[in-house]
Number of protein chains: 2
Amino acid sequence: MNHGIAIGKVSQASGVKVTTVRFYEQIGLLAAPPRTDGGRRTYDLKDIERLTFIRHSRELGFEIDQIRTLLELQDRPGQSCADADTIAKARLVEVKAKIASLTALQAELERMVDGCSHGRVESCRVIEILADHGKCKHHLHDA
Amino acid sequence: MNHGIAIGKVSQASGVKVTTVRFYEQIGLLAAPPRTDGGRRTYDLKDIERLTFIRHSRELGFEIDQIRTLLELQDRPGQSCADADTIAKARLVEVKAKIASLTALQAELERMVDGCSHGRVESCRVIEILADHGKCKHHLHDA
DNA sequence: GCTTGCTCCTATAGTCGCTGGAGGATGTAC
DNA sequence: GTACATCCTCCAGCGACTATAGGAGCAAGC
């Protein structure tokens, strides 16, 4: 019996799926852990922390490469946190833009749905708006 | 000289990239057009309309399969538009949920960025919040 | 007619961040 | 000892494109 946390426990504790933990190891986001005699991965508490960090970052919409940078920063606490700040700020700008875009989108979808008189397709506002971009007031970016 | 619109022109007119037009043909979203003697695709105005419809639908965040349904509906104008209405309503629900999620995200990112004193990583609010989910007030879903 | 240079063709592989399945080995509880 | 959960590797697939290689077509200028 080896003393180390099995991948399933780590998965449960961190909220990252087992397959995803292995995937993170594969892409070098998480160091390859030691193995049992039988070849099973054994983790420790640090790994759970790291995976929690990754999961939370992913939930905040950071890309893997950005998380890589953030993790490197975390490993070197004496360094300036300017990079972390820059990454977070850039993400904030993205999020604001996306909210604006989705709000415009919401308005257009509401217009479509409200205008639909539940009749035939030939007079359907939904189809009509999709077909004719001229009827669209808002300029939408990637939604 | 054949009379038909070249893929480049269709792309320009519809706002769909040339490679994407070919991709749509490949997945059966757009019918394969006739060709010139030299083997080049020749389109007509209907195709531009269809591609514009597709592009606009994609901008509104509809999935390819949903667009397939919407296009089929458009082709049979006598039919009830209930399906189109259902698809649009479902998308509206998704968009509203996403806006809510992103707004929570925005708040958390602002908290991170505002709290960062631009010092060392060891006292960086950004890193700290990412590391410790307990400091996160909001429960975030997919952002 | 010939060359320049743009547009177009096919086919295939890559992007991102996972997710799922096959087929088998290991560990544990009774 | 045996049933069962968990783990292993490898590889394929998702959605919606995007990019690259290596050509062929075609219009305009000289």
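So you know, we letter chains A, B, ... as the sequences are listed, proteins then strands, and number each from 1. Quick caveat: nothing in here was measured; it's all calculated off a predicted structure.
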Residues in contact with DNA chain D, drawn from residues 5-21 of chain B - heavy-atom cutoff 4.0 Å | B:K17, B:T20
Length of the CZ-P vector between A:R58 and C:dG17, whole Å | 5 Å
Could you check how far CZ of A:R22 sits from C1' of C:dG17, rounded to whole Å?
-> 16 Å
Below 4.0 Å: OP1/OP2 of C:dC9 and any side-chain N or O of B:T36 | no
Report the distance from atom CD1 of A:I64 to atom C1' of C:dC18, rounded to the nearest whole Å.
-> 9 Å
Can you hop from A:I7 to A:L45 via hydrophobic side chains spaced under 4.5 Å?
-> yes
Measure the distance from OH on B:Y43 to P on C:dT7 and round it to the nearest whole Å.
-> 16 Å
Co-membership, hydrophobic cluster, residues B:L30 and B:I27, 4.5 Å side-chain | yes
Atom pair distance, as rounded to whole Å: CZ in B:R68 and P in D:dG15 = 10 Å
Taking atom C1' of C:dC18 as reference, at what distance in whole Å does atom CG of A:L51 sit?
-> 14 Å
N/O donor-acceptor pair, side chain A:R40 with base D:dT6, under 3.5 angstrom | yes
Main-chain N/O of B:L60 paired with B:R91 side-chain donor or acceptor, under 3.5 Å = yes
State whether A:R35 places a side-chain N or O below 4.0 Å from either non-bridging phosphate oxygen (OP1 or OP2) of D:dT9.
-> yes
Tell me what B:Y24 touches on the nucleic acid: a base, only sugar-phosphate, or nothing, going by heavy atoms under 4.0 Å.
-> sugar-phosphate
Is a side-chain N or O of A:T103 found less than 3.5 angstrom from the main chain of A:I99, in a donor-acceptor match?
-> yes
Spacing between A:F23 atom CZ and D:dC14 atom P, to the nearest angstrom | 17 Å
More 5' along DNA chain D: B:F62 or B:G39, using each one's nearest nucleotide?
-> B:F62
Can you measure from NZ (B:K46) to CD1 (B:I48) and round to the nearest 0.5 angstrom?
-> 11.5 Å
When rounded to whole Å, the CD to P distance for the pair A:E25 and D:dC7 reads 14 Å
For a quick test of your reading: what N or O donor-acceptor pairs under 3.5 Å do the side chains of residues 9-21 of chain A make, sequence neighbours left out?
unit_1, atom_1, unit_2, atom_2, d
A:S11, OG, A:V16, O, 2.6
A:S11, OG, A:V18, N, 3.4
A:S14, OG, A:V10, O, 2.8
A:S14, OG, A:S11, O, 3.4
A:S14, OG, A:V16, N, 3.2

Scan A:R41 against the nucleic acid and name what it touches under 4.0 Å (heavy atoms): base, sugar-phosphate only, or nothing.
-> sugar-phosphate
Would you give me the side-chain donor-acceptor pairs under 3.5 Å for residues 79-89 of chain B, sequence neighbours excluded?
unit_1, atom_1, unit_2, atom_2, d
B:Q79, OE1, B:R76, NH1, 2.3
B:S80, OG, B:A82, N, 3.1
B:D85, OD2, A:H118, ND1, 3.4
B:D85, OD2, B:K89, NZ, 3.1
B:T86, OG1, B:A82, O, 2.8

